[in-house]
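Because only heavy atoms are used, hydrogens play no part in the values below, and waters and symmetry mates are left out as well, while side chains stay in. Just follow the structure's listing: the first ligand is 1, and inside any ligand the first atom is 1.
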Amino acid sequence: MTGIICGTGSFAPAKVMDNNDLAKLVDTNDEWIRERTGVVQRHIIENDTTVTMAVRAAEEAIKNAGILPEEIELIILSTLSSNLIMPCAACEVQKAIGAVNATCFDMNAACSGFIFAYNTANAYIESGLYKTVLVIGSESLSNLTDWTDRGTCILFGDGSGAVVLKAGETKSYKAVTHSDGSRGEALTCISRYAIKDDSDNGLMKMNGREVFNFAVKKVPEVINEVLEKNNVNIEEIDYFILHQANKRIVESVAKRLKADISKFPMNMMEYGNTSSASIPILIDEMRKNGELRKGQKLVMAGFGAGLSWGASIFEWN
Ligand code: UT7
């Protein structure tokens, strides 16, 4: 038994901030942001929260899966930007959608979060403990963004994506994940509750160049590793669904893998970097656009703070 994605959903808040809006806040411009990142606009919450967005994505995924909320046995919510410390955001989603039989917890592996949550869900399914699992990535990064720092504020956006995994008889692939805490300083955000003086503003700080160099090296490596581990040839892969951090990162990964860039769908133009929500939002959009067909083999790859990175192979059903 392994987990099969049988439903997807996503949500992005209605308010949009484009690059010209950002140029009013910091010394930047539309051309620079488009060229260096690929981002054109991002969605920003007004009244929504990480939880309310997660609920919207989850409801859509459940409807698409054709299941009842009561059938869900486990909810894993990946986020680094929850509006709650406790109860966990997954429990709030459970309450809102009526998934009364689910066990719920949150996970934080930053931008690798969805991959890590998906792998955790799959491990539970393969162990035989649960058969129906809801995996959500939901982020309100605008709350953690320093709107005076042009090195970071141009990148991030808010949104949520969800998938329903059901146990089924299909080929099982082994995931590959890595973490390197010794490089954690490249991308940090200290909890506001831990700040005792004004030495830190509790917002995201990033060494962009370092994260960029890490991503373009480690993502192709981990994709090759997951392909090798599962005896899958790179030509067999229909799509590479990468965390949507930067268009240049995606292009560089495609080049290093010598794979056709048309196999690397991108939507950071519309959403910016939504951390753990980016991969499920992209999968949901591809489903809605009719780009996914039964039997296709897909690779997902995430990377980000930690540092952390990982990749998984799955087949569309
Ligand atoms: O989810 C994972 C999280 N993070 C990432 O994936 C981020 C990875 N890193 C990146 O995407 C890129 O490093 C950035 C987009 C953040 C920055 O691009 P870069 O090509 O690495 O630029 P840089 O920081 O090396 O800066 C190049 C120049 C500098 O000017 P000088 O020193 O050459 O005169 C910067 O001051 O661009 C300047 N610059 C900007 N100019 C206009 C930096 N940010 C901006 C800006 N607008 N927003």
Side-chain angles (χ1 to χ4, degrees), residues 17-42 78-81 107-117 137-142 144-161 177-181 183-189 203-220 222 241-254 256 264 266-269 271-282 300-311:
M17 229 174 149
D18 67 19
N19 293 343
N20 293 320
D21 294 326
L22 278 177
K24 291 175 198 149
L25 301 179
V26 289
D27 181 14
T28 191
N29 57 74
D30 178 49
E31 194 191 349
W32 193 96
I33 303 173
R34 276 179 201 246
E35 235 167 60
R36 306 306 289 171
T37 72
V39 179
V40 175
Q41 61 165 55
R42 66 285 293 144
S78 164
T79 186
L80 64 86
S81 53
M107 269 181 72
N108 177 0
C111 300
S112 306
F114 182 78
I115 293 284
F116 285 28
S138 190
E139 303 284 5
S140 31
L141 298 179
S142 58
L144 302 176
T145 298
D146 183 345
W147 295 103
T148 65
D149 174 15
R150 69 175 181 171
T152 52
C153 74
I154 54 160
L155 292 172
F156 299 106
D158 300 334
S160 182
T177 48
H178 296 286
S179 303
D180 181 0
R183 298 173 71 185
E185 279 181 14
L187 182 45
T188 59
C189 185
L203 301 170
M204 289 188 284
K205 287 167 196 63
M206 181 177 69
N207 180 334
R209 209 20 95 88
E210 194 179 333
V211 178
F212 190 95
N213 292 338
F214 145 74
V216 297
K217 182 167 185 291
K218 291 297 182 186
V219 177
V222 78
I241 302 174
L242 268 50
H243 166 48
Q244 299 291 292
N246 182 317
K247 186 169 182 256
R248 287 187 299 136
I249 293 177
V250 178
E251 287 169 347
S252 169
V253 171
R256 286 184 190 216
F264 291 73
M266 289 184 243
N267 67 2
M268 77 284 283
M269 310 77 165
Y271 300 97
N273 175 346
T274 57
S275 191
S276 70
S278 79
I279 289 175
I281 292 175
L282 186 53
M300 294 189 270
F303 55 92
L307 297 175
S308 59
W309 62 107

**Q** With side-chain contact (heavy atoms from CB on, under 4.5 Å) as the test, pick out the partner of Thr37 among Leu155, Asn19, Asn273, Ile249.
**A** Leu155
**Q** State whether a side-chain donor-acceptor pair under 3.5 Å links Gln244 with Thr274.
**A** no
**Q** What distance separates Cys111 SG from Leu80 CG, expressed to the nearest 0.5 Å?
**A** 6.5 Å
**Q** Restricting to salt bridge (Lys or Arg N to Asp or Glu O under 4.0 Å), what partner residues turn up for Arg34, sequence neighbours left out?
**A** Asp30
**Q** Can you list the residues that meet the side-chain contact (heavy atoms from CB on, under 4.5 Å) rule with Leu203, with sequence neighbours excluded?
**A** Asp146, Arg192, Asn201
**Q** Does Glu210 have any side-chain contact (heavy atoms from CB on, under 4.5 Å) partners at least two apart in sequence or in another chain, and if so, which?
**A** Arg183, Ala186, Asn207
**Q** Which protein N or O atoms sit under 3.5 Å from any N or O of ligand 1? Give atom names and distances.
**A**
{"residue": "ligand 1", "atom": "1 (O)", "partner": "His243", "partner atom": "NE2", "Å": "2.8"}
{"residue": "ligand 1", "atom": "1 (O)", "partner": "Asn273", "partner atom": "ND2", "Å": "2.8"}
{"residue": "ligand 1", "atom": "9 (N)", "partner": "Gly208", "partner atom": "O", "Å": "3.0"}
{"residue": "ligand 1", "atom": "11 (O)", "partner": "Asn246", "partner atom": "ND2", "Å": "2.7"}
{"residue": "ligand 1", "atom": "13 (O)", "partner": "Gly208", "partner atom": "O", "Å": "3.2"}
{"residue": "ligand 1", "atom": "20 (O)", "partner": "Arg36", "partner atom": "NE", "Å": "3.2"}
{"residue": "ligand 1", "atom": "20 (O)", "partner": "Arg36", "partner atom": "NH2", "Å": "2.7"}
{"residue": "ligand 1", "atom": "20 (O)", "partner": "Arg209", "partner atom": "NH2", "Å": "3.2"}
{"residue": "ligand 1", "atom": "20 (O)", "partner": "Arg248", "partner atom": "NH2", "Å": "3.0"}
{"residue": "ligand 1", "atom": "21 (O)", "partner": "Arg209", "partner atom": "NE", "Å": "2.9"}
{"residue": "ligand 1", "atom": "21 (O)", "partner": "Arg209", "partner atom": "NH2", "Å": "3.3"}
{"residue": "ligand 1", "atom": "25 (O)", "partner": "Arg209", "partner atom": "NH2", "Å": "3.1"}
{"residue": "ligand 1", "atom": "36 (O)", "partner": "Arg150", "partner atom": "NH2", "Å": "2.8"}
{"residue": "ligand 1", "atom": "41 (N)", "partner": "Trp32", "partner atom": "NE1", "Å": "3.4"}
{"residue": "ligand 1", "atom": "41 (N)", "partner": "Arg150", "partner atom": "NH1", "Å": "3.4"}
{"residue": "ligand 1", "atom": "47 (N)", "partner": "Thr28", "partner atom": "OG1", "Å": "2.6"}
{"residue": "ligand 1", "atom": "48 (N)", "partner": "Thr28", "partner atom": "OG1", "Å": "3.1"}
{"residue": "ligand 1", "atom": "48 (N)", "partner": "Arg150", "partner atom": "O", "Å": "3.1"}

